Enquirer: 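Below is one structure. I have some questions about it.
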Protein chains: 2
Amino acid sequence: MSAKTIYVGVVGIGGVGNHFLSQLSRLPNAPALVLVARSSQTISSTAPSYTPINSFTWDEISSNPSVTKSGAWTPDQIATYLSQLPGRAVLVDNTSDVTLANAYPLFLSKGISIVTPNKKAFSSSIDLWNQIFTSATTGNALVYHESTVGAGLPVLSTLRDLVATGDKVTRIEGVFSGTLSFLFNNFAPVTPSSTSPPGKWSQVVAQAKELGYTEPDPRDDLNGMDVARKLTILARIAGLQVANSDSFPIESLIPAELESLASDSAGAAEFMTRLPEFDERMESVKKAAEAEGKVVRYVGSVDVVAGKVKVSLEKFDKGSAIAGLKGSDNIISFYTERYGASPLIVQGAGAGGAVTAMGVTADLIKVLQRLH
Amino acid sequence: MSAKTIYVGVVGIGGVGNHFLSQLSRLPNAPALVLVARSSQTISSTAPSYTPINSFTWDEISSNPSVTKSGAWTPDQIATYLSQLPGRAVLVDNTSDVTLANAYPLFLSKGISIVTPNKKAFSSSIDLWNQIFTSATTGNALVYHESTVGAGLPVLSTLRDLVATGDKVTRIEGVFSGTLSFLFNNFAPVTPSSTSPPGKWSQVVAQAKELGYTEPDPRDDLNGMDVARKLTILARIAGLQVANSDSFPIESLIPAELESLASDSAGAAEFMTRLPEFDERMESVKKAAEAEGKVVRYVGSVDVVAGKVKVSLEKFDKGSAIAGLKGSDNIISFYTERYGASPLIVQGAGAGGAVTAMGVTADLIKVLQRLH
């Protein structure tokens, strides 16, 4: 617990990045912010003094007269800059960039720790996953990525604690997408309102899009890939060698007939126009669940014992915790040997700039405590 | 991350202590176990080599020929032993002993870190609380006590992360006792079974006692003091200066007419015999909730904004997460500025040797990571 300076570089100044900088600015004993980069600009503290950039919004940072301003830096350039600082360094990657993600082993092997909500590196090939953790050991650096699953909710930390203390995790199940949570909580509520009954599937999707609950192109939520990436991360921490985030069954909610639509905004518009053609299909899925006294939900599950991962529509008892979910909340249930029949459950908002940044900031605090 | 040895002393070999030793035995890079004590016996590794005691059950430990065997040591003696070891030391207190708890400031000021599920030190006077955290700073030592609330559930770590990252926690509410969870989930279920309707209050209490869900004397659960101790800890972490665990309203479930019964086992027996006299009182509480379409639950709440803490019977909507709790699970809801209307919820078993020990072991791992 020496007072040795720890340096931080932040890449990505979007919704999460801005909240993160604001949270960073209020930390007691904050580390020294020496690099802030966004897509085409890089601001860095000038050698050889590396005085901390004491400003925490992009406007302030870029108008600071004592900083060095450059265009976009490659991951290589960023790693070189951070590794020659006169103290330990941490890269905070608030982007969803795949190029930067692929360079994590480089950063880690140079002793630069990583804190990030970027799922890319952890949900791509198992080779990259293994390289990341091997490089962290070699470089004596740390990797924390709590916000890659459930934003600020204590999901990965809980799973890691279960595993590290020797519990046997048998099954992980949950709703891992705020968007899909919202869609099904509204499409198939446990107790439908008699005055305003739930709309057809296409209407619920359109409403979610209007409210900003979906990606600009709702197909990016409905294809299940975001959920698959999160499941890949959980399964790997639980000990499964998942090859990739598309190496297991993923039930897409995009009707097969619409899969060939262009991936551009015209395609997205046509998708929304044609979605009502398939309402009866979703209605029959919902009715089949109702016939059993259940509701349908879009869930991800990891059967650790059988080594199986899948993303699918499933039926749940109306009294279950998953069925009772509200709004756009996530829920994650850990079934383990020690917890027995009654899982350990974590629930709450799993998306949004402030709570995602909170997960990043909490991770950074832990890295600072361990690096000292 | 040097390879410097960290030494561990464990006091208390009961339900939690045995599970903890078993978990400790399977840790990779385990610290050096050098002291194990129970009420009347102390086993320690012998000076000056302080070879780790490589045994993890009391029988093995006490039959180890190379250890030193003594009678009970005072906290002072334990602190002296741990502080003269040739490396950093951690005391794991698996007792519920108040004398040892009162000595935490002494241990911490000597640089000995503490990991414990013992609520006593953290729920007594605010003076002791302040001394503990001041001594930790002075002694450059760490204190982790996750298992004091909700056993292995990530409750305190989550609250500390929310606070440390600058979120404003406005309200904490939950069911903090497995026993009281079981009692009310059975006495006032959301959907009562038509074939075996819930029993009278005294019958449910008697059943819980038979099943081993209550303390030997059920009054130790029904008086609400255990819940009050947990609330005191949460409220303090959230920033309230709670003077003591009885300095706020605690609704006891012991009828006033029975409060004067002796505290011995004869008194406990008479309590159980006379409890049926008061069944109508609890029945009317249950009916009053039903009349509003709700169920009654025994909850603890911290209103951080108003600075108010209380333990009480409250009515909850049948669709709420608290009403839907099953078995003897705990549930803890954190309402914060960032999470808005939809709280961050943690739920699951909040008692039991294995899961309590898991919280202790996970804390120890974090201490080891930070001490290196």
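So that the names make sense, note that chain A is the first sequence line, chain B the second, and so on, each numbered from 1. On a predicted model such as this, the values are computed, not experimentally measured, just so you know. Side chains included, hydrogens not; waters and symmetry mates left out as well; all remaining heavy atoms used.
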Enquirer: What residue in A:A341, A:A321, A:A349 has the most heavy-atom pairs under 4.5 Å with chain B?
Expert: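 With the most close heavy-atom pairs to chain B, the winner is A:A349.
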Enquirer: Enter the distance from A:L371:CG to B:Q369:CD here, rounded to the nearest 0.5 Å.
Expert: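 With rounding to 0.5 Å, CG (A:L371) is 11.5 Å from CD (B:Q369).
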Enquirer: Testing the basics here: between A:D329 and B:S342, what is the closest heavy-atom pair and its distance to 0.1 Å?
Expert: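 Result for this residue pair: OD2-OG, 2.5 Å.
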Enquirer: Go through the atoms of B:L162 and report whether side chain, backbone, both or neither lie under 4.5 Å from a heavy atom of chain A.
Expert: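 Contact with chain A involves both backbone and side-chain atoms of B:L162.
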Enquirer: Among A:G348, A:P154, A:G166, single out the residue with the greatest number of heavy-atom pairs under 4.5 Å to chain B.
Expert: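 Option with the top pair count is A:P154.
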Enquirer: Looking at B:T165 and A:Q23, what are the two nearest heavy atoms and their distance?
Expert: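 Smallest heavy-atom distance, with atoms named: O-CG, 3.8 Å.
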Enquirer: So which residue, B:V346, B:V360, B:V355, B:L27, ends up with the most heavy-atom pairs under 4.5 Å with chain A?
Expert: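 Among the listed options, the one with the most contacts to chain A is B:V355.
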Enquirer: To the closest 0.5 Å, what do you measure between OG1 (B:T356) and CZ (A:R338)?
Expert: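 Nearest 0.5 Å value for the OG1-CZ distance: 11.0 Å.
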Enquirer: Can you find a heavy atom in the side chain of B:L344 that is under 4.5 Å from one in the side chain of A:L153?
Expert: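 B:L344 vs A:L153: side chains touch.
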Enquirer: State, with a plain yes or no, whether a side-chain heavy atom of A:D161 is found less than 4.5 Å away from one of B:K366.
Expert: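 Yes, their side chains come closer than 4.5 Å.
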Enquirer: Under a 4.5 Å cutoff for heavy-atom pairs, which residue among A:T191, A:D167, A:I345 has the most contacts with chain B?
Expert: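 That would be A:I345.
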